[in-house]
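This report refers to the structure that appears directly beneath it.
Indexing begins at 1, ligand by ligand and atom by atom, following the structure's order.
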Amino acid sequence: MSEKYGVVFVLGGPGAGKGTQCVRIEKEFGFLHLSAGDLLREERQKKDSKIGNEIEMHIRNGTIVPVEITCSLLHRAMKESSNQNFLIDGFPRNKDNLDGWNREMSALTEIKRVLFFNCSDSVCIQRCLNRGKTSGRSDDNEESLKKRINTYRESTLPVIEHYCNLELVSEIQADKTQEDVWAEVKGIFEKICS
Ligand code: C5P
Ligand code: MG
């Protein structure tokens, strides 16, 4: 078998800056950025998708799509690329995601690091509401955001805790400006790649 895929998971609340920083990481360090949310939104748009409605329901409610769907989208994107290293943004978001990943993907991948973008709720909400003015996203509104933050607290923080116990987490103070956050992220990634 060929070498395992290298994976860095990127976690944090809605609006913590995961996607923004992932774009910069991809450019500078060559890890391919795969956003679980983007893959789900793309799948939802497909005309012949039988699961489009189910995905939209979860996105609007800020709840988490069953792992069988999300993991297979991620795995397909990994296989279709010629990359060996991936930044997986917004996954695993809950215990179902984590268990499903471990079942399906642990033999194929090595988790190199988990980046945790730690950001206050007020900054997260403000950023998402600003983004909502132009993003067209059905979940960048106050009602969905409350639910997304709840899901993050109840379901995602325990996953981060799990990886903390495995000493895999690098925590980033994500309340700062994009440039200041980048300085921190870059330093962490230089170590990952050394
Ligand atoms: O990460 P992002 O903010 O783009 O995620 C948007 C929504 O996509 C989440 O609130 C959730 O409904 C869905 N999602 C999911 N499972 C993931 C990632 C995202 O269900 N692992
Ligand atoms: Mg994102």
**Study point:** ILVMFWY network linking Tyr5 to Leu168, side-chain heavy atoms under 4.5 angstrom
**Key:**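 Hydrophobic grouping puts Tyr5 with Leu168.
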**Study point:** Residues, nucleotides or ligands: over 12 heavy atoms within 6.0 Å of Lys27 NZ
**Key:**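 No.
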Practice item. Would you please determine whether Arg41 falls within less than 4.0 Å of ligand 1 on a heavy-atom basis? Key: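 It does, in that a heavy atom of Arg41 comes within the 4.0 Å cut-off of ligand 1.
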Exercise for review: Just let me know how Leu40 lines up against ligand 1, side chain, backbone, both or neither, with a heavy-atom cut-off below 4.0 Å.
Suggested key: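 Only the side chain of Leu40 comes within reach of ligand 1.
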Exercise for review: Report the part of Arg137 (side chain from C-beta onward, or backbone N, CA, C, O) that has a heavy atom under 4.0 Å from ligand 1; answer both or neither where that applies.
Suggested key: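 Side chain only; the backbone of Arg137 stays clear of ligand 1.
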Check your understanding: Do His162 and Lys95 come close enough that some side-chain heavy atom pair is under 4.5 Å?
Key ->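 Result no, sub-4.5 Å side-chain heavy-atom pair not found.
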Check your understanding: Within a strict 4.5 Å, meaning less than it, do heavy atoms of the Glu104 and His75 side chains meet?
Key ->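 A side-chain contact under 4.5 Å is absent here.
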**Study point:** Short side-chain to backbone donor-acceptor contact, Ser155 and Tyr152, under 3.5 Å
**Key:**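 Side chain of Ser155 to backbone of Tyr152: no pair is present.
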Practice item. For the pair Arg44 (side chain) and Asn53 (backbone), establish whether a donor and an acceptor sit closer than 3.5 Å, ignoring hydrogens and angles. Key: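 No; judged by distance alone, with no hydrogens or angles, the pair does not exist.
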Exercise for review: Report the distance from atom CD1 of Ile88 to atom OG1 of Thr70, rounding to the nearest 0.5 Å.
Suggested key: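 Reported to 0.5 Å precision, the distance equals 11.5 Å.
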Exercise for review: Rounded to the nearest 0.5 Å, what's the gap from CD on Glu28 to CZ on Phe189? Could you check?
Suggested key: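 Glu28 CD to Phe189 CZ: 10.5 Å, rounded to 0.5 Å.
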If the cut-off is 4.0 Å to any non-hydrogen atom of [X], which atoms of ligand 1 fall inside it?
| X | result |
| --- | --- |
| Val65 | 15 (C), 20 (O) |
| Ile64 | 16 (N), 20 (O) |
| His58 | 12 (O) |

Looking only at protein heavy atoms, which one is nearest to [atom], and what is the separation?
| atom | answer |
| --- | --- |
| atom 8 (O) of ligand 1 | Ile59 CG1, 3.7 Å |
| atom 17 (C) of ligand 1 | Gly90 O, 3.4 Å |
| atom 5 (O) of ligand 1 | Arg93 NH2, 3.1 Å |

Check your understanding: Can you find an N or O of Asp139 that's nearer than 3.5 Å to an N or O of ligand 1?
Key ->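 No; every N/O pair is 3.5 Å or more apart.
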Practice item. Before signing off on this row, confirm whether Thr63 and ligand 1 have an N or O atom pair separated by under 3.5 Å. Key: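 Between Thr63 and ligand 1 (N or O atoms, distance only) the closest approach is under 3.5 Å.
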